[in-house]
Structures are given as structure tokens and as C-alpha cells.
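These notes are about the structure you will find just below.
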Amino acid sequence: MKALTIAPLRYHLRIYRREHLALPAGLWTLFVLVVALMRMDGERTYDMANAFLGFILPLLAGILAASAIVDDTALELQLAAPRAPWRTLVERLALLLGIIAVAAFAYQAYLAVMGVDLAPLGNLAARQLTWLLPSLALMGLASLFALAAVQGTAGALLVGLVWLMQLLLRDWFLASPWARYLFLFMRARYSTNPALVANELCLLGVAVALTAAAGWLLKREERYL
């Protein structure tokens, strides 16, 4: 039975190419500049702030998660190590979530300095769910599909497609008696909707289920050697 050891943080960081880590930084900078240019227009400034937290960060999380495992050139060595394979997945996703969290908190600090009011998203703790739950769901989806297809690009494309379809069909999701609970952007778009709490609990459950399924796939180590 493989041990539950933890790999060094610097090893996990090495698998991400510079452009992967530069993408969140670049988009963060872009939205910082947009808010600075629009700071005199309160409504548009809020829309841009909300877009970054509720839409862009989850998309980034999903895209980066797609390559967290299958694009690791040293994956064979990781799987041969005396440690549970699912721990590698959890550690990689935790690292990615940490990167997204740093971007989210830094952006909110900047918005506070600029005087942008995020009250419609809830209090300080509640507004973190705007980016956290969609990010977790898309990271789980990306990981599962990338491992199923043994290709990171496939996982990233699926995340992009799901993200786009949810935006285009948001009215249908909201009106559906069941799809509303799978809508990724409920707090970002409809924070006063009565189904918000049930929606967020459902997204958390989906994220856990998808990640668990991805961990189960990773146990079939011969597929990734």
C-alpha cells in the first residue's frame, strides 16, 4: 500500500510552464488597468470587478487544472513513488487554487483601495464563494476529462466550452427547475436568487465528486505511463 507522503512544493511548481503562471498575472494586470480607467463610472467598474472574480478566475482555474497531471513529464516517476497517486492530484489542485486565491485576494484589496463596492456579492466571507465554488467545479471537471482523455488540451477545451455555454444559456439555466443548481455563476449574476444557497451546495458536491472520480482514474496508473 502506498504511503500518504507529500511531495515538495517546488516540485509541483516545476510542472507549470512560465506562460501558465504568467496568464493569471497578465489578466490580473489587465483588469487592474480597466478598473483604473473606469473608476469614475461606478456601475461599469463594478461589472469589471465582478467579471474578473466571478468569470475569469474560474475559467483560469479550469484551464490550468487540465494540465496539472497529464502534462507532467515526470509523472511516471511520481506514480512509481511509494505514495498514493490521488495525493499528487490533490496537491496539484491545492497549489493551483492557492494561485487563484492570491489573485482574488490581491484584486479585492486593490478594489478596496480604489473604492469599488462589492456589497452586492455579500459580505467579505460570502463574496469569496463568487470565485471559489466555480473554480473548484471547473478544476474537477478539467482534471477528470484530462485524465480520461490522457490529454490536457482536451480538458481545457471542455472547460472553455462549458464556461461559454453557461454564459450563453444563463437564462435557461436560471429558469430550469434542475439546471439552476448547476449554474456556475449564480452569485456573480443573481446573488439575490432564492436558489443561491442550494446552488452553491450543489456546486460543492459536484466539485468533490468530479475530483474524487479523477483521483480514481489516476489509480489506473498504467494509462499514464
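Any value given below was found using the heavy atoms of this structure, including those in side chains, with hydrogens, waters and symmetry copies removed.
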| message | Please tell me whether I56 and M114 are part of a single hydrophobic cluster in this structure, the criterion being side-chain heavy atoms less than 4.5 Å apart. | response | yes
| message | I want to check something: taking the side chain as every heavy atom from C-beta on, are V206 and L141 in contact at a cut-off of under 4.5 Å? | response | no
| field | Residues which pass side-chain hydrogen bond (donor to acceptor under 3.5 Å, both in side chains) with Q128, listed by chain and number, not counting sequence neighbours | value | Q108, W131
| task | State, to 0.1 Å, how close A104 and L57 come at their nearest heavy-atom pair, and which atoms those are. | result | CB-CD1, 3.6 Å
| message | Within the 4.5 Å heavy-atom criterion, are R127 and L124 side-chain neighbours or not? | response | yes
| Would you say the side chain of L203 lies within less than 4.5 Å of the side chain of L136, judging by non-hydrogen atoms? | no
| note | Correct closest heavy-atom pair for A66 and A146 would be O-CB, 3.3 Å
| Could you give the distance from CG (L118) to CG (N123), rounded to the nearest 0.5 Å? | 11.5 Å
| query | Roughly how far, to the nearest 0.5 Å, is CG of L60 from CG of L96? | reply | 10.5 Å
| If Ile, Leu, Val, Met, Phe, Trp and Tyr residues are connected whenever their side-chain heavy atoms lie under 4.5 Å apart, and connections chain through other members, are M186 and Y181 in the same group? | no
| Does the ring center of F183 lie less than 6.0 Å from the ring center of F185? | yes
| task | Go through L182 and N199 one step at a time and tell me if the side chain to side chain contact (heavy atoms under 4.5 Å, CB included) criterion holds. | result | CA-CA 6 Å; L182 299 176; N199 165 269; over 6 Å; no
| request: Report the distance from atom SG of C202 to atom CZ of R180, rounding to the nearest 0.5 Å. | output: 12.0 Å
| request: Look at the side chain of T45 and the backbone N and O of M38, then say whether any donor-acceptor pair between them is shorter than 3.5 Å. | output: yes
| request: Calculate, to the nearest 0.5 Å, the distance between atoms CG and CG belonging to L53 and L132 respectively. | output: 12.0 Å
| task | Say whether F105 and V102 are linked into one hydrophobic cluster, either directly or through other cluster members, by side-chain heavy-atom distances under 4.5 angstrom. | result | no
| Taking C-beta and beyond as the side chain, do T211 and M139 meet within less than 4.5 Å on heavy atoms? | no
| said: Count I, L, V, M, F, W, Y as connected when their side-chain heavy atoms are under 4.5 Å apart, and connections chain through other members. Are L59 and L161 then in the same cluster? | reply: yes
| task | Using modelled atom types only, decide if a donor and an acceptor are shared between the side chain of W163 and the backbone of F55 within a distance under 3.5 Å. | result | yes
| field | Rounded distance (nearest 0.5 Å) linking atom OG of S67 with atom CZ of R92 | value | 10.0 Å
| task | Kindly indicate whether the side chain of F52, heavy atoms from C-beta on, has any atom under 4.5 Å from the side chain of M48. | result | no
Kindly list each side-chain donor-acceptor pair under 3.5 angstrom involving residues 21-32, sequence neighbours excluded, with atom names and distances?
from : atom 1 : to   : atom 2 : distance (Å)
W28  : NE1    : A103 : O      : 3.2
T29  : OG1    : A25  : O      : 2.9

| remark: Residues passing the side chain to side chain contact (heavy atoms under 4.5 Å, CB included) test with A213, sequence neighbours excluded, are L144
| Quick one: does R170's side chain get under 4.5 Å of R189's, heavy atoms only? | yes
| Is the side chain of T130 donor-acceptor paired with the backbone N or O of G54 at a distance under 3.5 Å, no angle test? | no
| request: Starting at CZ of R187, measure out to CG of L129 and round the result to the nearest 0.5 Å. | output: 5.0 Å
| said: Check for me, please, whether L167 and L138 land in the same ILVMFWY cluster - side-chain distances under 4.5 Å, paths through other members count. | reply: yes
| task | For residues L89 and S143, determine if any side-chain heavy atom of one lies less than 4.5 Å from a side-chain heavy atom of the other. | result | yes
| Full working for side chain to side chain contact (heavy atoms under 4.5 Å, CB included) between L196 and Y190 | CA-CA 8 Å; L196 178 62; Y190 311 105; over 6 Å; no
| In terms of ring plane angle, is the pair W172 and W178 parallel, tilted or perpendicular, where the classes change at 30° and 60°? | perpendicular
| request: Taking the side chain as every heavy atom from C-beta outward, state whether D117 and Y46 have any atom pair closer than 4.5 Å. | output: no
